[in-house]
> 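First the structure, then my questions, so here it is.
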Number of protein chains: 4
Amino acid sequence: MLSLREQKTQKKKDDIVQSALQMIAEKGYHATTMEDIASNLLMTKGSVYYYFKNKQDLLFQSQKSLLEQSIRNIDDIMQKHLTTAEKLEETMAQHTDYLITERTGFGMGLRPEQFFEGGQLKDIIDLRDTYSSKIDSLIAIGIEEGSFHDVDITIVRNIIVGAMNYVIEWYSPEGTWSQATLARSISSYLKLILVKD
Amino acid sequence: MLSLREQKTQKKKDDIVQSALQMIAEKGYHATTMEDIASNLLMTKGSVYYYFKNKQDLLFQSQKSLLEQSIRNIDDIMQKHLTTAEKLEETMAQHTDYLITERTGFGMGLRPEQFFEGGQLKDIIDLRDTYSSKIDSLIAIGIEEGSFHDVDITIVRNIIVGAMNYVIEWYSPEGTWSQATLARSISSYLKLILVKD
Amino acid sequence: MLSLREQKTQKKKDDIVQSALQMIAEKGYHATTMEDIASNLLMTKGSVYYYFKNKQDLLFQSQKSLLEQSIRNIDDIMQKHLTTAEKLEETMAQHTDYLITERTGFGMGLRPEQFFEGGQLKDIIDLRDTYSSKIDSLIAIGIEEGSFHDVDITIVRNIIVGAMNYVIEWYSPEGTWSQATLARSISSYLKLILVKD
Amino acid sequence: MLSLREQKTQKKKDDIVQSALQMIAEKGYHATTMEDIASNLLMTKGSVYYYFKNKQDLLFQSQKSLLEQSIRNIDDIMQKHLTTAEKLEETMAQHTDYLITERTGFGMGLRPEQFFEGGQLKDIIDLRDTYSSKIDSLIAIGIEEGSFHDVDITIVRNIIVGAMNYVIEWYSPEGTWSQATLARSISSYLKLILVKD
DNA sequence: GATGAATGAGGGTTCATTCAT
DNA sequence: AATGAATGAACCCTCATTCAT
């Protein structure tokens, strides 16, 4: 149980992570300066260094936070009483929805080797793999049950992830579809690759 | 008809564009320095500026070249005597193959607003739109013929483009599949969204 | 009323402006590097950019500061109880003295169109005009009083300004005259163009 | 007597010198590139290097040419049958006229130490001194004759030179005065410093 | 905890200069 | 004689990072 001070510190860290995620989504990692991240929160960049060792560290925490949230999302869905096909659809819809809301495609869309190395790279890749394997096992179950076609799991999973991540490149709030409708729509099309009638 | 000297100049420009595309695919735009691009071709930074006004201009030319090639590719396919479904599959396979070969997902994968403005942005968006509309019309024909399901064209096109672009994030030459097999495989799965049995 | 910190900041800015003025007077604008200006004050280049947006901005502030000081000088003289001829002589002497002390002929001696554009150019030209018109009105008063010859004001003013600005090109501290004597001497000769016996 | 080829070479050199003078007058020395000077003559910068060792050399030749012309001008005037006062006025008018026509204040207006060193500096200073001493001796003769006031020659000469050089800073072809009228006007005012009624 | 200030490494860009053709 | 091409040094500027207060 955290003390009040620790809670405040944690809150501040979360805010900075959110700010970083947001700016990076808008401008890209290298074009985002510590100044951008800080002034977005009305603080000075000096302060950010009180909470994070350096920009790299902040990037790492942000990325990690994003992946962990995605994993929690999928875990929640797995708990529900749904058919495998429904679980898959729900997973895709939620992921899409999450990306649009956070307006960050940073999560899975970029090659971690470009940004991380050593232990950090390993951690990120592990989290990605954890996430991927949860989707994979969903697909595997569907195949085993006979409700899914007998596809190559890796390829199909990457098709799904690619299509979902791409949504932030073209979705516009001013467009035809609401966020939820779009998320639903995309996942229903992707389902066609897998699910038998 | 170009003189010998003009041909050499053109060749050099093309080389630099290729080098830029390659480095940007590997490290991202901002992390790629003019020095990187030049030394990759055993030239000096200064020489690159003989051929391109600045980094922005080089980026623009690179992007443009990539999109124009993609458009030529799809135009070629349209000429062939194939069913609509076959044309679509061919388009997808070729695009995937092209991305893997060039090792650049830069083509359609990034938001042009992050990198371009003014006339350049307009040019790039126009080229993207041209490319998109060619896929769209392929889908529209399929629907009209009755060989494709009656889908929302924009959404399905973006699913397809997203899935294809994502391939360079995860494809590894050392992996299970050959480049051609993979391209074929992805497009055959994506086809399921559209094509009736 | 400025806080202590603000005062320090202002002092630093003033120091940098002085340093810039001095280096530019010695070497010319283009030959003066930000490094020169900074190391002259035992700071690093980077620090200068904390106080000024860029070299152009620093140049502009410097020029402005110089002109504003000149205008203040002439205003002070106008307040004094002197004859018009004495005021003119005092103005010329003070201007000459100021130029020699600051060792910068940059003030009025260069064409602003070479260095400024847009709003900056307008500001500088306005300040120049303000300064010029103050000399002009001094001459006009003398003419009206009948103590000055009926000359073309613009031409005579430019002769005076030109002669005064030129002094920094040839004055040498090691020479025959003291700074004050020279300033006095030049202005007494120039007076001959205007003042009746 | 020069061969045809040598004449052509000399002509080309003169053209380049003129071009350099013109560009430098417009933009200043450092802001003028070899490219500017060359393209102004529809040649490439490589060619300029065929005629001049380097930019410094070109600057030196240009400056020298300007000063030599000024000296020739004053020598011509000395030959004429005119009073000393008329010779002085003619000298001033011609110098002013020359500066406006060539649109270069570079001649005497800048400190040679900023641009030259060693033998070049010595040559330029010698030429300047030659020019100055010719004006000085004109003034000295006037004083001796009794037609000029007994002034400090150096100071008055510098006043005159300063006022004349400054004209290119403010003269505008679109203005009230024609070039010749202005030259005449300035010199008649300056005469007042020296000439007795 | 926060911040104003300073720093230095690194990257984009310009341009005088050289050289092969 | 002329030029296209290449080079590298120098310069402006940005920004992650540090630190005293």
Side-chain angles (χ1 to χ4, degrees), chain A residues 5 8-9 12 29-39 41-59, chain B residues 3-6 8-9 12-13 30-38 41-59, chain C residues 3-6 8-9 12-13 30-38 41-59, chain D residues 5 8-9 12 29-39 41-59:
Chain A
R5 165 166 299 161
K8 273 178 101 174
T9 296
K12 206 103 194 188
Y29 174 67
H30 280 103
T32 298
T33 69
M34 292 299 267
E35 178 67 36
D36 289 333
I37 295 167
S39 69
L41 294 171
L42 306 178
M43 21 168 97
T44 60
K45 63 182 164 169
S47 305
V48 175
Y49 280 88
Y50 183 80
Y51 295 96
F52 294 91
K53 205 159 57 61
N54 52 36
K55 194 183 178 186
Q56 183 61 34
D57 182 41
L58 175 52
L59 171 67
Chain B
S3 75
L4 187 61
R5 172 163 287 162
E6 285 166 331
K8 273 178 109 171
T9 296
K12 204 98 196 193
K13 277 193 175 187
H30 281 104
T32 299
T33 71
M34 291 300 266
E35 179 68 39
D36 289 334
I37 294 167
L41 292 172
L42 306 178
M43 354 171 116
T44 59
K45 235 181 350 176
S47 304
V48 176
Y49 280 89
Y50 184 79
Y51 295 95
F52 295 91
K53 209 160 56 62
N54 50 36
K55 195 183 177 187
Q56 182 61 34
D57 182 40
L58 175 52
L59 169 67
Chain C
S3 75
L4 187 62
R5 171 163 288 162
E6 283 165 334
K8 273 177 109 171
T9 296
K12 204 99 197 192
K13 277 192 175 187
H30 281 104
T32 299
T33 69
M34 292 300 267
E35 179 68 38
D36 289 334
I37 295 167
L41 293 172
L42 306 178
M43 0 170 114
T44 59
K45 237 183 344 180
S47 304
V48 176
Y49 280 91
Y50 184 78
Y51 295 95
F52 294 92
K53 209 160 58 64
N54 51 35
K55 195 184 176 184
Q56 182 62 33
D57 182 40
L58 175 52
L59 169 67
Chain D
R5 165 166 299 163
K8 273 178 99 174
T9 296
K12 207 103 196 189
Y29 174 67
H30 279 103
T32 299
T33 69
M34 293 298 268
E35 178 68 37
D36 289 333
I37 295 166
S39 70
L41 294 171
L42 307 178
M43 20 169 98
T44 59
K45 63 182 164 169
S47 305
V48 176
Y49 280 89
Y50 183 80
Y51 296 97
F52 295 91
K53 206 160 57 62
N54 51 35
K55 194 185 178 186
Q56 183 61 33
D57 182 40
L58 175 52
L59 171 66

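Just so it is clear, the structure is predicted and the values come from calculations on it, not from any experiment. Throughout, protein chains are lettered first and strands after them, A, B, ... in sequence-line order, and every chain is numbered starting at 1.
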> Check the distance between F/dA10's P and D/K55's NZ and give it to me in whole angstrom.
15 Å
> Can you see which heavy atom on B/M34 is nearest to which on B/N54, and at what distance?
CE-C, 4.3 Å
> Using every non-hydrogen atom in the two residues, find where C/E6 and C/S3 come nearest and quote the distance to one decimal.
OE1-N, 2.9 Å
> Of all nucleotides in DNA chain E with an atom under 4.0 Å from a non-hydrogen atom of chain D, which is the first and which the last going 5' to 3'?
E/dC15 to E/dT18
> Specify the closest pair of heavy atoms between D/D36 and D/A31, including all atoms of both residues, with the distance to one decimal.
OD2-O, 3.7 Å
> Search all heavy atoms of D/H30 against all heavy atoms of D/K55 and return the closest pair with its distance.
O-NZ, 4.1 Å
> Supply the atom-to-atom distance D/K12 NZ to D/L41 CG, rounded to the nearest 0.5 angstrom.
8.0 Å
> Which part of the nucleic acid, if any, lies within contact of A/Y51, taking any heavy atom under 4.0 Å across all strands shown: a base, the sugar-phosphate backbone alone, or nothing?
sugar-phosphate
> Closest-nucleotide mapping onto DNA chain E: is C/K12 or B/H30 further toward the 5' terminus? I mean the 5' end.
C/K12
> Would you indicate, yes or no, if F/dA1 has its OP1 or OP2 atom less than 4.0 angstrom from a side-chain nitrogen or oxygen of D/T9?
yes
> Quick one: label A/K8 by what it contacts on the DNA or RNA (base, sugar-phosphate, nothing), any heavy atom closer than 4.0 Å.
nothing
> If you compare all heavy atoms of B/K13 against all heavy atoms of B/Y51, which two are closest, and at what distance to 0.1 Å?
CE-O, 3.7 Å
> Starting from P on F/dA2, measure out to CE on D/M34 and report it in whole angstrom.
14 Å
> Using atom CG of C/D36 as one end and atom P of F/dA10 as the other, report the distance to the nearest whole Å.
13 Å
> How long is the gap from NZ on C/K53 to CG on C/L58, to the nearest 0.5 Å?
12.0 Å
> With rounding to the nearest 0.5 angstrom, report the OH to OG1 distance, A/Y50 to A/T9.
6.5 Å
> Near DNA chain E, under 4.0 Å by heavy atom, which residues of residues 41-50 of chain B?
B/K45, B/Y49
> Counting Watson-Crick and G-U wobble pairs whose two distances are both under 3.5 Å, find the runs of 3 or more in a row that involve DNA chain E.
E:2-21 with F:2-21
